[in-house]
There are 2 protein chains.
Amino acid sequence: MKKFSSRYSIAVHILSLIALSPASCTSDFIAESVNTNPVIIRRIIGMLKKAGLVHVRPGTGGTYLQKGLDEITLLDVYRAVEVADNGNIFNCHEETNPRCPVGANIESVFRTKMVQAQSAMEQELDHVTLKQLVSELKEKSGSI
Amino acid sequence: MKKFSSRYSIAVHILSLIALSPASCTSDFIAESVNTNPVIIRRIIGMLKKAGLVHVRPGTGGTYLQKGLDEITLLDVYRAVEVADNGNIFNCHEETNPRCPVGANIESVFRTKMVQAQSAMEQELDHVTLKQLVSELKEKSGSI
DNA sequence: TCCGTTGTAACTATAATGATTACATCGAGA
DNA sequence: TCTCGATGTAATCATTATAGTTACAACGGA
């Protein structure tokens with residue numbers, strides 16, 4: 001199947017870099033760490049900006065977190081870059097046959113279950129702050 | 001972003017139909033309730049068969065559940081039709097810069113968090129059996 | 001044997017993703 | 001003020017998953 005795009009992991013990567021070295025974070029620098037094109041980085045930063053997570057000074061730039069590291073959760077980042085129209089990650093086929101007892105009711109029953117499952121996932125994401133994640137990165141790298 | 005395909009909801013639809021009226025379940029009949037092409041149905045039934053959830057008699061057909069209704073959970077169905085190579089729904093960008101403290105460690109840290117979130121979702125799916133779901137369908141439709 | 005059904009292959013259209021080039025614009029510093 | 005480095009964004013392209021459709025071989029009960 002189709003997974004989530006790598007936008008999400010890249011967004012977390014970007015925010016971690018900003019948290020650790022706010023000075024030198026140009027899109028070129030970040031792109032080198034992520035190993036992709038600077039435009040990809042700028043696009044994702046644009047989403048993070050729109051979500052109010054970072055502030056960017058145009059021109060000779062500079063990107064800063066707009067909240068504290070412990071105020072940003074993985075759910076915030078997820079919502080910033082992986083937004084479906086209504087937020088539901090589970091698709092349900094529509095326009096089923098209304099004269100069939102299953103076709104008439106499958107959508108509402110199925111959706112209810114999926115909302116519960118998705119909520120469970122999002123709660124997990126909401127429990128992890130960027131602060132925790134960055135401190136784990138520091139541990140692993142030993143330095144910095 | 002990209003949602004899960006509608007294969008999943010269609011698979012649940014198919015299994016519900018089989019549970020309710022095992023006799024008349026040809027792919028044409030099911031396709032009419034789902035409102036799609038019979039080939040789509042046959043493809044999905046093929047996946048359910050491969051997962052050991054149903055048994056199909058070729059030729060002048062007939063499709064039957066291979067387990068009890070209360071032995072099949074929404075997680076079983078999910079795994080039958082929405083399988084990613086390694087089962088992970090969250091993608092992580094790879095080949096990051098190993099000389100960067102973030103690039104070198106982001107993948108393992110990120111993956112750990114995502115596995116937890118995904119597990120929470122799958123546990124929810126595992127708690128719902130087809131039996132429950134079908135009984136809710138019956139309630140809603142009043143009849144059958 | 002006949003006919004309805006399944007099992008698949010092949011093809012098309014659509015959409016999301018990721019990469020890339022190009023360029024207008026901004027703003028700090030010389 | 002002018003230059004230069006950086007951002008913001010449009011446009012294009014290749015790749016991939018999904019969904020729909022046609023076509024046809026093969027199966028098996030009546």
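Letters A, B, ... mirror the listed sequences (proteins, then strands); counts begin at 1.
Among the nucleotides C/dT21, C/dT6, D/dT22, the one closest to any side-chain atom of B/Asn37 is D/dT22. Distances were taken from every side-chain heavy atom of A/Val39 (C-beta onward) to each of C/dA22, C/dT17, D/dG20; the shortest belongs to C/dA22. With D/dA19, C/dT6, C/dA19 as the candidates, the nucleotide lying closest to the side chain of A/Ile40 is C/dA19.
Side-chain N/O atoms of A/Arg43 and base N/O atoms of D/dA10 include no donor-acceptor pair closer than 3.5 Å. Residue side chain B/Arg57 does not reach the base of D/dG29 through any donor-acceptor N/O pair under 3.5 Å, judged by distance alone.
Between A/Lys113 and B/Glu136 there is a salt bridge, since a side-chain N of the basic residue sits under 4.0 Å from a carboxylate O of the acidic one. Checked for salt-bridge contact, A/Lys131 and A/Glu71 miss the test: no charged N lies under 4.0 Å from a carboxylate O.
Rounded to whole Å, atom C1' of D/dA17 lies 14 Å from atom CD1 of B/Ile10. The CZ-P distance, from A/Arg7 to C/dA19, rounds to 12 Å in whole Å. Rounding to whole angstrom units, CG of residue A/Asp28 and C1' of C/dA19 are separated by 15 Å. Atoms CZ (A/Arg42) and P (C/dA22) sit 14 Å apart, rounded to a whole Å.
In this structure, A/Ser27 reaches the D/dT7 phosphate: one of its side-chain N or O atoms is under 4.0 Å from OP1 or OP2. In this structure, B/Thr26 does not reach the C/dT6 phosphate: none of its side-chain N or O atoms is under 4.0 Å from OP1 or OP2. Contact annotation: A/Lys49 side-chain N/O to D/dG8 OP1/OP2 distance is under 4.0 Å. A close approach under 4.0 Å does occur between a side-chain nitrogen or oxygen of A/Ser6 and OP1 or OP2 of C/dG18.
Side-chain contact check for A/Thr63 and A/His55: no donor-acceptor pair (N or O, by modelled atom type) lies under 3.5 Å.
Nearest heavy-atom pair, B/Thr36 versus B/Ile40, reported as atom, atom and distance to 0.1 Å: OG1-CG1, 3.6 Å.
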